[in-house]
Asks: 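There's a structure below that I have some questions on.
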Amino acid sequence: MAKLPSPQKFWRIWLGSQSPRRPILRWSATDKLGLLMVCLLVAIFSSYKLLAVPDLKPGDIAQVNVIAPRDAKVIDTTDLKEKKQGLKESFVQSIDKNKSSDLEKTVSKQINILRTQKFNNFGIDFNEFNITTLEKDWILNVKDNEWEEWKKEIKNVSKKMLSQGIINTLALDQLNEASSLQLIDLGEKDSPNRSLGAKILSNSFHQKSNLKIDKLKTNILLENLINQEGINTINVKEGSIISRKGKPITSQEFDILEHFNKVSRSPRPLKWLITFSESMGSCGLLLMIMRREKPRLQARHGLLSLTLLLVVQLTKDWLGPIASPMQLILPPTLLLSQGIGTITSLAWMAAASLIWPSSLGESIEVRLIIACIAGSFIAFLGRRMRSRAQVLQIAVFIPFGALLGQWFILNQVIKENNIEFNNLSIDPNSLFNETIIISSILMVTILIIPILENTFGLLTRARLMELADQERPLLRRLSREAPGTFEHTLTILSLAEEGARVIGADVDLIRTGALYHDVGKLHAPNWFIENQKDGINPHDEIKNPYKSADILQAHVDEGLKLARKYRLPSPIADFIPEHQGTLKMGYFLHKARESDPSASEKRFRYKGPIPHSKETGILMLADGCEAALRALDSSSSDKDACKTVRKIIQSRQVDGQLKESSLTRAEIEIILRAFVSVWRRMRHRRLKYPSFNPR
């Protein structure tokens, strides 16, 4: 039985199935962990409501039309809560036996303390009892049988008072007065045994209570009070629609649904698992498509797309039914189209639509479809817009086009064909307002794109056009300090640009990269032949091929330093080392072996890396062919030029410089012909005008 490939092997096969294979940028474990965490957050926020109980609440979107199965009268809970809120101070209290028992023990403890002090000859101060001289004399002189009778009466009175209920807000003097009245059988009010008993009871019960709220009796009381005022009820007729699909559920509709047991009070783990898996799968598929489109994709670009997906989920969950698909989907689609590519933006839009977190009604379905159509236009047009002014046109025309599309579908198709969409509201003002909001959001997105370009390393068309402006400081410095190198750059640019155009590569990227590929020569312009004057060559003066090789390598290293200093995006900076790859410095290697035949070839190779994209591969070929084509005699034919270019290209292929550039043999042949075509334009002759001697 054939063994199925592991997921990791399948991933590598899928990414590497292009012909020729393209090199894949490996992500670190930290990058993968960060991407996984964002994927989990997207999946959680897309599915957590399926574990919530109840599964519905007022304000949620109804999933289906619910019909009343029978007649019913349903209590309006909102009105009931309002009435209960008004009666919140009405409650019923009952005796708490445990608290009563504790208070009885307190009374007994107070009596025992007095008795103990008698036998101890009042070793402890009696100020805490506030005992008078008469009361003290009575305690000292009372007989045992009288004491027991007095004690028994105090306990009986305490039980009687506790059975009536003690509240903790009664003042001490009032409590003392009440206790004295209960002890009337002990004699006159001023008698010491009666006043002492009242003090013991009042001290024991002061700021204490033996009452508790009886919830059952309180509810009965509230119900009686509410019934006296009257409760609003909702009359439901059999066959009537309780809630309409796609519309928010009102509080009254929720009461009716709960009355007919249409509200689930238990979580739905199976559906949650399906939705969670669907969301995780969508995130994973999005990353796979992005890496399939761009194997050299950086992890932060994947993080940006997933973060945008998470923001949409959070915003949709926060806004609920008022969220608009176009307002949430179009801006990220424009951003990703501008910064990464058309396929990535389309894949992101598909993932966002697939895991839209709320249940869809007909109106949302129609609006989501229109949002996807508008998003597709943005995805295809956004990458082709070469200036921010053109992108602003998208922010205006696409939303208004979507407005017309919505109006046509809602007003013409649905109404004229009598399609039943009960919950579609055709409000021209609402559609127009939504269009204005979408245009505003898109314009804000365009404003923040430059910030995101620097943060996430995005490279938009507008950014490429700005960098290709030859008035930028670094390019002006190159043209001023190394004019020969600058002219060499412009020639290579013409070759590389045409080569990229004929095979469908990124012309704007290769144009900008070509302008900056040799900026490292600014560190020592005179060491390069195109900048030398009067035939003076510093390499001939030092006569040290090793040092000369180091100087050539330095123009790559210094170029990368300038790229960092001037904050060139990494796709542009990649042209600096990759246009040389690991080529041999053949002339200086030959010079070194004249004096030392064992000189290492590796010592005379550039550090690389070799080209990892079609664009850097084309630039390497253009850089190698430029000097050779320029050196051809004016009488050379296209056949001679083609032979020269083919020889140079084949040498690069044999040396392994193009093996990771993803250039096919057919593309290389087309590029060869394009180079010859450019050479033909460069060498065209002009008529020689006759000279006239002034008289």
Asks: Measure the shortest side-chain to side-chain distance between Leu552 and Tyr606 over non-hydrogen atoms and say whether it is less than 4.5 angstrom.
Replies: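 In short, these two side chains touch, coming nearer than 4.5 Å.
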Asks: Distance check, rounded to the nearest 0.5 Å: Leu474 atom CG versus Leu522 atom CG?
Replies: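 If I round to the nearest 0.5 Å, the distance is 6.5 Å.
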Asks: Got a second to check how far Arg646's CZ is from Arg673's CZ, nearest 0.5 Å?
Replies: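 Between atom CZ of Arg646 and atom CZ of Arg673 there are 7.0 Å.
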Asks: Taking side chain as C-beta onward, heavy atoms only, is Lys607 less than 4.5 Å from Asp557?
Replies: yes
Asks: Please determine whether the number of non-hydrogen atoms from other residues, nucleotides or ligands lying under 6.0 Å from atom CZ of Phe377 exceeds 12.
Replies: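 For Phe377, atom CZ is not crowded (no more than 12 foreign heavy atoms under 6.0 Å).
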Asks: For Phe380, does the CZ atom sit with more than 12 other heavy atoms under 6.0 Å from it, leaving out its own atoms?
Replies: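 Incorrect, the count does not exceed 12.
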Asks: Does a donor on one side chain sit under 3.5 Å from an acceptor on the other, for Ser282 and Ser279?
Replies: no
Asks: Under a 3.5 Å distance rule, please check whether His301 uses its side chain to pair with a backbone N or O of Gly457 as donor and acceptor.
Replies: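 Judged by distance alone, yes, a pair lies under 3.5 Å.
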Asks: Below 4.5 Å, heavy atoms only, C-beta onward: do Arg472 and Tyr516 meet side chain to side chain?
Replies: yes
Asks: Got a donor-acceptor contact below 3.5 angstrom from the Thr512 side chain to the Leu509 backbone?
Replies: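 No, Thr512 side chain to Leu509 backbone: no donor-acceptor pair under 3.5 Å.
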Asks: Are any side-chain N or O atoms of Ser337 and backbone N or O atoms of Ala379, one a donor and one an acceptor, separated by less than 3.5 Å?
Replies: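 Side chain of Ser337 to backbone of Ala379, a donor-acceptor pair under 3.5 Å: yes, one is there.
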Asks: Does the gap between the ring centers of Phe588 and Tyr546 come in under 6.0 Å?
Replies: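 Centroid separation for Phe588 and Tyr546: 6.0 Å or greater.
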Asks: So, Phe528 versus His555, ring centres under 6.0 angstrom or not?
Replies: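 Close enough - the centres of the two rings lie under 6.0 Å apart.
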Asks: Is a side-chain donor or acceptor of Ser661 paired with a backbone partner of Gln657 at a separation under 3.5 angstrom?
Replies: no
Asks: Evaluate the side-chain proximity of Leu40 to Phe276: yes if any heavy-atom separation is below 4.5 Å, no if none is.
Replies: yes
Asks: I'd like to know if the side chain of Gln338 and the backbone of Leu335 have a donor-acceptor N/O pair within less than 3.5 Å.
Replies: no
Asks: Flag yes if more than 12 heavy atoms outside Met37 fall under 6.0 Å of its CE atom; otherwise flag no.
Replies: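 Counting neighbours around CE of Met37, 12 or fewer heavy atoms of other residues, nucleotides or ligands fall under 6.0 Å, so no.
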Asks: Is the count of non-hydrogen atoms from other residues, nucleotides or ligands lying under 6.0 Å from Ile343 atom CD1 greater than 12?
Replies: no
Asks: Could you check whether Asp518 pairs with Lys521 (Lys NZ or Arg NE/NH1/NH2 to Asp/Glu carboxylate O, under 4.0 Å)?
Replies: yes
Asks: Do any N or O atoms from the side chain of Glu578 and from the backbone of His612 form a donor-acceptor pair under 3.5 angstrom?
Replies: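 Looks like yes, one N/O pair under 3.5 Å.
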Asks: Is it true that the side chains of Thr344 and Glu293 contain a donor and an acceptor less than 3.5 Å apart?
Replies: yes
Asks: Measure the spacing between CG of Asp550 and CG of Asn544 and express it to the nearest 0.5 Å.
Replies: 8.5 Å
Asks: Give a yes-or-no answer on whether the side chains of Thr491 and Arg630 include a donor-acceptor pair shorter than 3.5 Å.
Replies: yes
Asks: Take atom CZ in Arg605; do more than 12 heavy atoms of anything else shown fall under 6.0 Å from it?
Replies: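 Atom CZ in Arg605 is packed in, count exceeds 12.
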Asks: So, does Gln313 use its side chain to make a donor-acceptor pair with the main chain of Ile355 at under 3.5 Å?
Replies: yes
Asks: Just by distance, no angles: are the side chains of Thr460 and Glu453 close enough, under 3.5 Å, to form a donor-acceptor pair?
Replies: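 On atom types as modelled, these side chains qualify, holding a pair under 3.5 Å.
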Asks: Judged by atom type as modelled, is there a donor-acceptor pair below 3.5 Å linking the side chain of Ser376 to the main-chain atoms of Cys372?
Replies: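 Judged by distance alone, yes, a pair lies under 3.5 Å.
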Asks: From Leu493 CG over to Leu619 CG, what is the distance, rounded to the nearest 0.5 angstrom?
Replies: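 Rounded to the nearest 0.5 Å, the CG-CG separation comes to 8.5 Å.
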